[in-house]
Amino acid sequence: MRDVIVIGGGLAGCSMAVQLARRGHGVLLLESEVYPVHKLCGEFLSPEVRGLFRELGVEDEIDGAKPASIRRVAITTRDGREWRANLPGEAIGLSRWSLDPLLFGAATRAGAEGRQGTVVRDVSGTAFDGFTVRFQVDGQIVEERARTVIGAFGKRSRLDRSLGRQAGSGGSEFVAFKMHYRGADLNDWVELHAFDGGYCGMSHVENGLVNVCLIARVSALRDAGRSYDALRDGLMRTNAALARRFDVLEPAMDRPVSVSQVSFRTRSTFEGDVVMVGDTAAMIAPLCGDGMAMALRSAAMAGPLVAGFLEGKIAFDELKREYDRSWRAGFRRQLGIGRVLQAGLFRPAVARAGVRLLNAFPQLGDYFVRATRDADSRQDPV
Ligand SMILES: Cc1cc2nc3c(=O)[nH]c(=O)nc-3n(C[C@H](O)[C@H](O)[C@H](O)COP(=O)(O)OP(=O)(O)OC[C@H]3O[C@@H](n4cnc5c(N)ncnc54)[C@H](O)[C@@H]3O)c2cc1C
C-alpha cells in the first residue's frame, strides 16, 4: 500500500507530489501525457506564482528557462476602445511545453515515482479502507493501492464520469484554442482582445514566441465556420487591433491545440474521499490569468493537510473540513468575480461600456486586477 497516488502531473499534481515526497511519503504520480507536450493555456503566470515556485524549490529552474517578463495589460474592444494598466508585479510567460516537464522533474527529484503515458481509468475505495487505482499503460490495465488519492487531472477528464462527477453540461458551451506564433513584438504587454462571442489573449513566452489563446462560445465557432482558421479570418478580424496582430503573426506550430466543452462551474473539493486540487475542483475564467497560480495555491492548502493525515496528526474528516473551508475562503470570491468579468467580455456592448468605465475610474481597474488574484497576493504582491 502506497501512501499517496496523485492523478495528473500538471501544476497541482506536481506540487502535491513535491510536498508529500519531501516529507518522506511514498508518492506515485501518474500522468497520461508523455512530456513535453503543448497544452491549451494562455501561458501567462501571474505575479504570485514566483513565491509558490520558490516554495517548491523550482524558482531558479524557471528563471533558467528564460520566461518572458510581463508587466502591463491591455484590453481592446471591437469598436476600437482600449484600456491599459500596469500589473501589480512582474508576471512571466512560459510555455507549458517547458513548464510541465520542469515541474514533473522536480517531483521525481523530491522522491516521487513519476510515470508518464499512464491513463487512470478508475478509482475505488475510502480513506478508511484504502483506495484501488486502475490505470492503463502500454495497453495493459494495472492496479495499485494507496492510503490517499489526489485528483489533479485538470478541467476535464474521462475520469470525471467514472468517479460519478457531473458531466460538463450546463455551462460547458465554450471552446478554446491555443497556438504559438512568431513575428510580433508585444514587449511586456499581455493583450486581451474582445470579439463577438469570445476573446483572445496574447503575450510572449520564452524564445520571443507569442502565445495566442482564445476562448469562444460554441455558437460563435459554429457561425464562423467551425474551424480555428475560419474564426481567425472572420469574427476575430472584427476587432481591428486583433486583426493588425494577425497581419504580422506567423505560425510557429503546425496546428492549434483545442479543447471543447470548457466549463467554469465550481465542482467539488472532494469526490468521496478523493482530494481534488487545481482545475479538478474549479477553474477560474482564463481572462484572470490566475488558473495556474490557483492550481499551485490549492495544492499548497491541501499538501500539509494530507501530510498531517498520513502522519497520524489529524483525522480524515478534519482534513476534509479544513481543506474545504480554506479553499472556499481563498477562492470563492475570486472565481465569482472572474465569471462576471468574463461574461462582460463576451458581450460587445458590455465590453465597450466596461472599458469606458475602467478608463474613467482607474482605481476600478486596479481593484479588478487584484480581486482576481488570490487573497495572500492581494495583500502582498510579489
Ligand atoms: C483558454 C484557457 C486559457 C488559460 N490561460 C491561462 C493563463 O494564461 N494563465 C493561467 O494561470 N491559467 C490559464 N488557464 C487555466 C490553467 O491552464 C489551468 O488553471 C491550470 O492548467 C490548472 O492546472 P492543473 O494542474 O489543475 O491541471 P492541468 O494543468 O490541466 O493538469 C492536469 C493533468 O492531468 C492529466 N490527466 C487528465 N486525465 C488523466 C488521467 N485519467 N490519468 C492521468 N493523467 C490525467 C492531464 O494530461 C494533465 O497533464 C487557461 C485555461 C483555459 C481554458
Side-chain angles (χ1 to χ4, degrees), residues 5-17 28-49 52 70 73 91-96 99-101 103-104 114-123 133-137 150-163 172 174-178 190 192 198-203 205 211-216 256-264 267 276-299 331 335 338 342 372-374:
I5 294 180
V6 180
I7 307 170
L11 289 102
C14 290
S15 167
M16 289 299 290
L28 177 61
L29 173 62
L30 302 174
E31 167 55 46
S32 56
E33 299 282 2
V34 178
Y35 290 145
V37 71
H38 284 297
K39 285 189 182 175
L40 188 132
C41 186
E43 301 181 336
F44 165 94
L45 289 142
S46 49
E48 58 268 31
V49 293
L52 295 160
I70 303 171
V73 54
I92 56 174
L94 185 63
S95 70
R96 299 295 297 264
L99 177 62
D100 288 68
L103 294 174
F104 200 87
R115 294 196 205 161
Q116 300 184 21
T118 303
V119 185
V120 175
R121 296 288 183 208
D122 180 45
V123 180
V133 175
R134 285 175 206 83
F135 50 91
Q136 189 172 341
V137 55
I150 312 297
F153 45 84
K155 56 189 154 303
R156 193 165 154 254
S157 168
R158 280 205 298 196
L159 199 51
D160 283 316
R161 208 178 311 150
S162 82
L163 283 168
S172 60
F174 302 106
V175 59
F177 296 93
K178 161 259 183 76
V190 54
L192 285 174
Y199 58 91
C200 174
M202 56 177 77
S203 51
V205 290
N211 180 39
V212 171
C213 191
L214 68 101
I215 183 154
V257 181
S258 64
V259 173
S260 60
Q261 293 181 19
V262 181
S263 164
F264 298 99
R267 294 190 291 180
M276 302 303 188
V277 288
D279 279 4
T280 317
M283 185 169 74
I284 189 162
L287 83 125
C288 303
D290 211 47
M292 292 188 276
M294 257 187 76
L296 293 171
R297 186 95 193 118
S298 64
F331 301 127
L335 285 165
Q342 172 164 273
T372 48
R373 322 249 77 87
D374 72 63

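From a predicted model like this one, the values you see are computed outputs, not experimental measurements. All ligand and atom numbering here is 1-based and tracks the order in the structure.
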Open item on the list: Tell me if a side-chain donor or acceptor on N211 pairs with a main-chain N or O of S203 at a distance below 3.5 Å.
Closed with: no
- [ ] Find the distance between CG (D100) and CD (E31) and round it off to the nearest 0.5 Å.
- [x] 7.5 Å
Open item on the list: For ligand 1, which is the ligand I care about here, please tell me if K39 has any N or O atom under 3.5 Å from one of the ligand's N or O atoms.
Closed with: yes
Open item on the list: Using modelled atom types and a 3.5 Å cut-off, is there a donor and acceptor pairing between side-chain atoms of R156 and backbone atoms of S260?
Closed with: yes
Open item on the list: Within the structure, is a non-hydrogen atom of T118 found at a distance of less than 4.0 Å from ligand 1?
Closed with: yes
Task: Protein heavy-atom partner closest to atom 40 (C) of ligand 1 - residue, atom, separation in Å - done: V120 N, 3.7 Å
Task: Sub-4.0 Å atoms of ligand 1 with respect to non-hydrogen atoms of G278 - done: 26 (O)
TODO: Any atoms of ligand 1 less than 4.0 Å from a non-hydrogen atom of E43? List them with their elements.
DONE: 7 (C), 8 (O)
Task: Non-hydrogen atom of D290 closer than 4.0 Å to ligand 1 - done: yes
Task: S46 contact mode with ligand 1 (heavy-atom cut-off under 4.0 Å) - done: neither
Open item on the list: Out of all atoms in ligand 1, which are within 4.0 Å of some heavy atom of S157? Include the element for each.
Closed with: 38 (N), 39 (C), 41 (N)
Open item on the list: Is there a polar contact, in the sense of an N or O pair closer than 3.5 Å, between E33 and ligand 1?
Closed with: no
TODO: With heavy atoms under 4.0 Å as the rule, classify the contact between L30 and ligand 1 as side chain, backbone, both or neither.
DONE: backbone
Task: Main-chain N/O of L52 paired to R297 side chain as donor or acceptor, under 3.5 Å - done: no
Task: ligand 1 contact on S32 by region, counting heavy-atom pairs under 4.0 Å - done: both
- [ ] Salt-bridge test for K178 and E43: reply yes if a basic N is under 4.0 Å from a carboxylate O, no otherwise.
- [x] yes
Task: Option with minimal heavy-atom separation from atom 14 (N) of ligand 1, where the choices are C41, G154, A293 - done: C41
TODO: Over all heavy atoms of both residues, which pair between V257 and K39 is shortest? Give the atoms and the distance, please.
DONE: CG1-C, 4.3 Å
Open item on the list: Whether the side chain of T118 engages the backbone of Q116 through a donor-acceptor N/O pair (distance < 3.5 Å, no angle test) should be reported.
Closed with: yes
Open item on the list: Please check: side-chain N/O of T280 versus main-chain N/O of G154, any donor-acceptor pairing under 3.5 Å?
Closed with: yes
Open item on the list: Can you tell me how far apart CG (L11) and CE (M292) are? Round to the nearest 0.5 Å.
Closed with: 6.5 Å
Open item on the list: Return the CD1 to CG distance between I150 and L28, rounded to the nearest 0.5 Å.
Closed with: 12.0 Å
Task: Best match, G291, A216, G151, G9: closest heavy atom to atom 15 (C) of ligand 1 - done: G291
TODO: Output the list of atoms in ligand 1 that are nearer than 4.0 Å to some heavy atom of A176, sorted by atom number.
DONE: 1 (C)
Open item on the list: To the closest 0.5 Å, what do you measure between OG (S263) and CZ (F174)?
Closed with: 8.5 Å
Open item on the list: If you compare all heavy atoms of S46 against all heavy atoms of D290, which two are closest, and at what distance to 0.1 Å?
Closed with: OG-OD1, 2.6 Å
Task: Atoms in ligand 1 with a heavy atom of F44 nearer than 4.0 Å - done: 7 (C), 8 (O), 9 (N), 10 (C), 11 (O)
Task: Heteroatom proximity flag, T280 to ligand 1, N/O under 3.5 Å - done: no
TODO: Could you tell me whether some N/O pair between L11 and ligand 1 is separated by less than 3.5 angstrom?
DONE: yes
Task: Closest protein heavy atom to atom 6 (C) of ligand 1, given as residue, atom name and distance to 0.1 Å - done: G42 N, 3.4 Å
TODO: Identify, by atom number and element, the atoms of ligand 1 in contact range of G289, meaning under 4.0 Å from any of its heavy atoms.
DONE: 9 (N), 10 (C), 11 (O)
Task: Inter-residue atom distance F177.CZ - L214.CG, 0.5 Å rounding - done: 6.5 Å
- [ ] May I ask which of R158, M292, R96, M16 has a heavy atom nearer to atom 29 (O) of ligand 1 than the others do?
- [x] R96
TODO: Would you mind running through ligand 1 and noting each atom that sits below 4.0 Å from a heavy atom of A152?
DONE: 32 (C), 33 (C), 34 (O)
Task: For atom 31 (O) of ligand 1, closest protein heavy-atom neighbour - done: G10 CA, 3.4 Å
Open item on the list: Using only atom types and a distance under 3.5 Å, with no angle test, would you say the side chain of S162 pairs donor to acceptor with the backbone of R121?
Closed with: yes
- [ ] State whether the shortest distance between N or O atoms of D279 and N or O atoms of ligand 1 falls below 3.5 angstrom.
- [x] yes
Open item on the list: Below a 4.0 angstrom heavy-atom separation, can you tell me which part of A12, side chain or backbone, both or neither, approaches ligand 1?
Closed with: both
Open item on the list: Considering non-hydrogen atoms of the protein only, which is the closest contact for atom 23 (O) of ligand 1, and what is the distance?
Closed with: A295 CB, 3.5 Å
TODO: Identify the protein heavy atom lying closest to atom 50 (C) of ligand 1, giving its residue, its atom name and the separation to 0.1 Å.
DONE: P286 CB, 4.1 Å
Task: For Y35, atoms of ligand 1 separated by under 4.0 Å from a heavy atom - done: 49 (O)
Task: Any donor-acceptor pair under 3.5 Å from Y35 side chain to F104 backbone - done: no
TODO: Please report the closest heavy-atom contact between A152 and V277, naming both atoms and the distance.
DONE: CB-CG2, 3.7 Å
TODO: Could you find the nearest protein heavy atom to atom 33 (C) of ligand 1 and give me its residue, atom name and distance?
DONE: E31 OE1, 3.6 Å
Open item on the list: What's the separation between atom CD in E48 and atom CE in M294, rounded to the nearest 0.5 Å?
Closed with: 11.0 Å
Task: Protein heavy-atom partner closest to atom 37 (C) of ligand 1 - residue, atom, separation in Å - done: F153 O, 3.2 Å
Open item on the list: Tell me the protein heavy atom at minimum distance from atom 53 (C) of ligand 1, and give that distance in Å.
Closed with: L40 CD2, 3.7 Å
